[in-house]
Amino acid sequence: MKKTEEIIKKLSSEHNATDSELLHLINYDGNCDLLFDEANKTRQSVYGKDVYIRGLIEISNHCKNNCLYCGIRASNKNAVRYRLTKEQILDCCRAGYELGFRTFVMQGGEDGYYTDEVLCDIVFAIKKEYPDCAVTLSMGERSCESYQRLYDAGADRYLLRHETADNSHYKSLHPECMSLEERKNCLFALKKTGYQVGSGFMVGSPGQTSKTLLADLRFLQELKPDMIGIGPFIPHCDTEFAKEKAGGLEQTLKLIAILRLLFPYALIPATTALGTIAPDGRERAFRAGANVVMPNLSPENVRELYSLYNNKAHSGAEAAESLGILKEQAKNAGFEVVVARGDVKR
Ligand code: SAH
């Protein structure tokens, strides 16, 4: 206990720790109140009590990839595919703006329909209608040139989780044609282009160990992303990982707190996956250092189809139109949902 306490205090004051200290925390399964308190203090010293909201628009579930964990993988014949048009996406933004969203996140599978031309046109249209809003893209791996064109069209931020920073673990989660090296190249290209960049990983993905988690933390220290998104792995019935165990709530909360202490300035979301495995997951994430939440702004009839994992939450506090519930939850945890772009504070 004493040792754990000392490590937490050190992490909290130095925002770093040795490998063995971090491994100790990763493997620690005792009471985490001190860790959460320190993380919460650190978050409040940079971001106060503000919780930033992002309107998540899931623009397509077509995907050319075959990530072993993901329900919208190309080879899943049971997935009912959809994609949104420019007009549908703009309608989502209109509804979102009214509700108080000042960031729109467009996420999707790697869908060839969204060429640079098509996507730039959409980004440009959103920025033209809402110059006071940030546009975030989460459309997977693209060329440097493509990232540049989208940035020039007005995109501000890009989310691309590295998923795992361990080579052989990465190989075991992805098909042969994908590589950690390429994923990293994309992330560094995005930074170089000028985006605010988000990365992250799943907690409890099959084959994850304390060693791969340590590699994740060290890789993030190298990348220095503006946003860090983590959530539990949750199996999807139509994937090879259908029978695997989901990642744990406590382990996810602990890692959120560790990330907050390592990256005081980072924007860290309380993710939908966390809200899916526990009804109070979001509130507890706020108390453990998270300061962002991304409610679903997609047209209601497609929400069920963007099925990355089983039972993905898309109602209640996960739904943009039920922002009231989320505001209440944030308030109960001592925080406040604000109407703002919510840029990173470096
Ligand atoms: N095509 C985009 C968006 C992927 S979906 C891209 O490649 O970045 C967004 C995130 O959902 C992924 O990065 C992954 O970490 C997460 N995800 C996918 N399947 C999941 C599952 N079964 N359980 C939990 N999270 C999952």
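Note: hydrogens, waters and symmetry copies are ignored here, and every other heavy atom, side chains too, is used. As the structure lists them, so they are numbered: ligands from 1, and atoms in each ligand from 1.
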Does any part of the side chain of K9, heavy atoms only, come nearer than 4.5 Å to the side chain of L34, both counted from C-beta? yes
Under 4.0 Å from a heavy atom of C70: which atoms of ligand 1 are those, numbered in the order shown and with their elements? 19 (N)
Considering the heavy atoms of L160, write down every atom of ligand 1 situated less than 4.0 Å from one of them. 8 (O)
So do the side chains of D216 and L255 get within less than 4.5 Å of each other, counting heavy atoms only? no
Regarding atom 5 (S) of ligand 1: of the candidates Y158, Y309, Y306, which has the closest heavy atom? Y306
Check each heavy atom of Q107 against ligand 1 and say whether those closer than 4.0 Å belong to the side chain, the backbone, both or neither. side chain
How far is atom 23 (N) of ligand 1 from the closest protein heavy atom, and which atom is that? I234 N, 3.0 Å
Ligand 1 N/O within reach of L159 N/O, cut-off under 3.5 Å: no
Ranked by distance from atom 19 (N) of ligand 1, the top protein heavy atom is Y69 CD1, 3.4 Å
Tell me whether the guanidinium CZ or amine NZ of R102 lies under 6.0 angstrom from the six-membered ring centre of Y97 and within 45° of its axis. yes
Hey, is K2 close enough to E6 for a salt bridge, meaning N to O under 4.0 Å? yes
R346 NZ/CZ over Y265 ring centroid, <6.0 Å and within 45° of normal: yes
Who passes salt bridge (charged side-chain N to carboxylate O under 4.0 Å, His left out) against R43, sequence neighbours left out? none
Sub-4.0 Å heavy-atom approach of R183 to ligand 1: yes
With atom 17 (N) of ligand 1 as the reference point, say which of H236, E58, M202 has the nearest heavy atom. M202
Looking at D152 and R149, is there a salt bridge between them, counting it only when a charged N and a carboxylate O are closer than 4.0 Å? no
Which ligand 1 atoms does R161 reach within 4.0 Å, using its non-hydrogen atoms? 13 (O), 14 (C), 15 (O), 16 (C)
Say whether E163, considering both its backbone and side-chain N or O atoms, lies within less than 3.5 Å of an N or O atom on ligand 1. yes
Would atom 12 (C) of ligand 1 count as contacted, meaning some protein heavy atom under 4.0 Å? yes
Pairing donors with acceptors under 3.5 angstrom, does anything connect the side chains of N296 and S298? yes
As a check for students: among C186, G71, S138, P232, identify the option with a heavy atom nearest to atom 24 (C) of ligand 1. P232
For atom 2 (C) of ligand 1, which protein heavy atom lies nearest, and how many Å away is it? G108 O, 3.4 Å
Listed once per pair and sorted, the ring pair (Phe, Tyr, Trp, His ring centres under 6.0 Å) pairs that draw on residues 68-92, sequence neighbours left out: Y69-H174
